[in-house]
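Note that the structure is a prediction, hence the values are computed from the model and not measured.
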Amino acid sequence: MLLAIVSSIEELIDQYKINLTQLAFCIFITTIVFFGSLMTLVESHLPNSIRQSFRYGKHSHKGEADVLISYLEVPKAWFKHFYIFALGWSLLALYLLASTIANQTTAPEYALRFLDLVCGGPSNRKVEIDSTTALLGAVLLTLQCIRRFYETNFVQIFSKKSKMNLSHYAVGFVHYFGSIVSLLSNTSGFVRGTQPNEFSFKNLTQLQVVYLLVFLFAWQQQYSSNMILVNLRKDAKTGAVKTEQHLLPQGGWFTLLSSPHMFFEVVMYFCLADLFTPVRTWKLVFLWVASNQTINALLTHQWYKETFKDYPKRRRAILPYLL
């Protein structure tokens, strides 16, 4: 019975070209742009339920709480959960990709069928990315997942009082699920009837090497920015946690930006999206990350200016000298 239902769903997806991964990111982009625009333009006229749902962390809603929305909140520290998931999911994708290239075999049937289910159906998935490009992208995204797993589980200091809406929590899982799936969906060896290409560093273009170097620079700078935030809550001599309050960060890229870690997140995803240029889903992934990080950076910038009266005027929210 269950197999029959799954088969029917697969047929509908293939017939009507329903790409569930693209659909999810389209919903994310529409939601963040719509509600983000409302929050930045007419927040004072919005009901508390929307304001409380949208805001979290340092710029969380400080007014009267909506009882129902409060029931749908979870600790912000639960961020670490979807980085645990992202680490395992990215390593699985990297293993599958590397093994198909090493053995020069098509991906296992279960992987092909899963990709058909969530990425538009077998007749709608075409090869758009070679194996070398896909492996480079998978390695870079896995590096990001490894570092964020380390930071959120062993370094970052979460306030025990800080909450976020359950929707933010769920979106984190879907984001990493969809991003990592999209690394494989249009790659040689992961489309029915195709074989992986042999990997060779000689196949890397000059532009891909540039993106590799830019990604690694942004990766390291995001870590440095995050450590500045972490160290604000630690005693410089003992390393013990001395506060859970949000303090004014200084140094590094915080000289120019209120949220350099968000800026570098956008830079890294731009590099990945351009590596996977033909893949439409990765364009959506980048638009989602860029819009989400920009809205959060603007709200954070506003909070800093309202909280610290001597906040440096030269700092911008997320783009140096511009925004």
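- With a 6.0 Å radius and a threshold of 12 heavy atoms from other residues, nucleotides or ligands, Glu198 has its CD atom at or below the threshold.
- Residues Ile29 and Leu284 come closest through the heavy atom pair CD1-O, 3.4 Å.
- Across all non-hydrogen atoms, the minimal contact from Leu112 to Val191 is CD2-N, 4.1 Å.
- Connection of Tyr110 to Leu94 is established within a shared hydrophobic cluster, with ILVMFWY side chains joined at heavy-atom distances below 4.5 Å, either directly or through further cluster members.
- Panel note: side chain Ser131, backbone Asn197; a donor-acceptor pair is recorded below 3.5 Å.
- Judged by distance alone, with hydrogens and angles left aside, the side-chain atoms of Glu43 form no donor-acceptor pair with the main-chain N or O of Thr40 at under 3.5 Å.
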From CA spacing to verdict: side-chain contact (heavy atoms from CB on, under 4.5 Å), Asn296, Ser259: CA-CA 9 Å; Asn296 273 296; Ser259 300; over 6 Å; no

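- Contact check for Cys271 versus Leu140: no side-chain heavy atoms found under the 4.5 Å cut-off.
- Using a 3.5 Å distance cut-off with no hydrogens or angles, the side chains of Gln195 and Ser188 do not pair a donor with an acceptor.
- At least one donor-acceptor pair closer than 3.5 Å links the side chain of Thr294 to the backbone N or O of Ala290.
- There is no side-chain donor-acceptor pair under 3.5 Å between Ser225 and His261.
- Aromatic ring pairs are classed by plane angle as parallel below 30°, tilted from 30° to 60° and perpendicular above 60°; the pair Phe28 and Phe25 is perpendicular.
- Judged by distance alone, the side chain of Arg233 and the main-chain N or O of Ile157 form a donor-acceptor pair under 3.5 Å.
- Side-chain heavy atoms closer than 4.5 Å link hydrophobic residues (I, L, V, M, F, W, Y) into clusters, and following such links, possibly through other members, connects Ile295 to Leu41.
- Follow the hydrophobic side-chain contacts under 4.5 Å out from Leu72 and you never reach Ile32; the two are in separate clusters.
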Worked check of side-chain contact (heavy atoms from CB on, under 4.5 Å) between Leu323 and Arg316: CA-CA 5 Å; Leu323 180 63; Arg316 297 294 182 263; 5.7 Å; no

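- Ring geometry, Phe35 versus Phe54: the interplanar angle falls from 30° to 60°, so the pair is classed tilted.
- Within the 4.5 Å cutoff, the side chain of Pro196 has no heavy atoms near those of the Phe190 side chain.
- For Gln206, the CD atom is loosely surrounded, since the number of other residues' heavy atoms within 6.0 Å does not exceed 12.
- For the residue pair Thr105/Asn103, the side-chain donor-acceptor check at 3.5 Å is not satisfied.
- If you chain together hydrophobic residues whose side chains sit under 4.5 Å apart, Leu247 and Ile228 fall into the same group.
- Remark: side-chain polar atoms of Thr243 are paired, donor with acceptor, to backbone N or O of Gln245 under 3.5 angstrom.
- Side chains of Ser60 and Lys62: a donor-acceptor N/O pair is present below 3.5 angstrom, by distance only.
- Using a 4.5 Å cut-off on side-chain heavy atoms (C-beta onward), Leu299 and Arg55 make contact.
- Taking OH of Tyr223 as the reference point, atom CZ of Phe264 lies at 15.5 Å (rounded to 0.5 Å).
- Proximity of a side-chain donor or acceptor of Ser99 to a complementary backbone N or O of Leu96 within less than 3.5 Å is detected.
- With hydrogens and angles disregarded, a donor-acceptor distance shorter than 3.5 Å links the side chain of Thr205 to the backbone of Gln208.
- For the pair Arg148 and Gln156, the minimum side-chain heavy-atom distance is below 4.5 Å.
- Under the 3.5 Å distance criterion, the side-chain polar atoms of Thr277 are matched with a main-chain donor or acceptor of Asp274.
- Checked for salt-bridge contact, Arg147 and Glu151 meet the test: a charged N lies under 4.0 Å from a carboxylate O.
- Considering CD1 of Ile27 and OG1 of Thr31, their distance stands at 7.0 Å, rounded to 0.5 Å.
- More than 12 heavy atoms of other residues, nucleotides or ligands lie within 6.0 Å of NZ in Lys242, so this atom counts as buried by the packing criterion.
- One side chain, Glu265 or Gln222, offers a donor N or O that lies under 3.5 Å from an acceptor on the other.
- Residue Ala297 comes nearest to Met262 through the heavy atom pair N-SD, 3.5 Å, listed as atom of the first residue, atom of the second, then distance.
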Intermediate values then yes/no, side-chain contact (heavy atoms from CB on, under 4.5 Å), Phe217 and Val214: CA-CA 5 Å; Phe217 173 78; Val214 172; 5.6 Å; no

Test side-chain contact (heavy atoms from CB on, under 4.5 Å) applied to Leu38 and Ile50, step by step: CA-CA 10 Å; Leu38 291 179; Ile50 293 179; 5.7 Å; no

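- To the nearest 0.5 Å, the span separating CZ on Phe199 from CD1 on Ile101 amounts to 7.5 Å.
- With contacts defined as side-chain heavy-atom distances shorter than 4.5 Å, the pair Glu73/Met164 does not qualify.
- Between Asn186 atom CG and Lys126 atom NZ the span is 10.0 Å, to the nearest 0.5 Å.
- Atom-to-atom distance recorded for Leu212:CG and Leu275:CG is 8.5 Å, nearest 0.5 angstrom.
- Salt bridge Arg192/Asp116: present, at least one basic N to carboxylate O contact under 4.0 Å.
- Aromatic ring orientation, Tyr311 versus Tyr304: parallel (interplanar angle below 30°, classes split at 30° and 60°).
- Checked by atom type and distance alone, the side chain of Ser224 pairs as donor or acceptor with a backbone atom of Gln220 at under 3.5 Å.
- Residues Ile129 and Pro278 have side chains in contact (heavy-atom distance under 4.5 Å, counting atoms from C-beta outward).
- Note on Glu128 versus Arg280: no salt bridge recorded, every NZ/NE/NH1/NH2 to OD/OE distance being 4.0 Å or above.
- For the pair Val127/Thr187, no side-chain contact is recorded, criterion being any heavy-atom separation below 4.5 Å from C-beta on.
- Cluster annotation: Phe263 and Trp303 are assigned to distinct hydrophobic clusters (Ile/Leu/Val/Met/Phe/Trp/Tyr, side-chain heavy-atom contacts under 4.5 Å, transitive).
- Atom CH2 in Trp219 sits 6.0 Å away from atom CG in Leu143 (nearest 0.5 Å).
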Identify every side-chain donor-acceptor pair in residues 173-180 under 3.5 Å, counting partners at least two apart or on other chains, and give the distances.
from: His175; atom 1: ND1; to: Trp288; atom 2: NE1; distance (Å): 3.2
from: His175; atom 1: NE2; to: Tyr269; atom 2: OH; distance (Å): 2.9
from: Ser179; atom 1: OG; to: His175; atom 2: O; distance (Å): 2.8

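- Heavy-atom contacts from other residues, nucleotides or ligands closer than 6.0 Å to OH of Tyr95 number 12 or fewer.
- In this structure, Leu183 and Trp282 approach most closely via the heavy-atom pair N-NE1, 3.8 Å.
- Looking only at side-chain heavy atoms (C-beta outward), Lys163 and Tyr56 stay at 4.5 Å or farther from each other.
- Of the possible polar contacts, none joining the Ser162 side chain to the Phe158 backbone as a donor-acceptor pair under 3.5 Å is found.
- Residues His81 and Tyr169 bring a donor and an acceptor atom of their side chains to less than 3.5 Å of each other.
- Among all heavy-atom pairs drawn from Ile13 and Gly121, the shortest one is CG2-N, 3.7 Å.
- Side-chain N/O atoms of Glu64 and Gln52 include no donor and acceptor closer than 3.5 Å.
- The two residues Asn19 and Thr281 have their closest heavy-atom pair at ND2-OG1, 4.2 Å.
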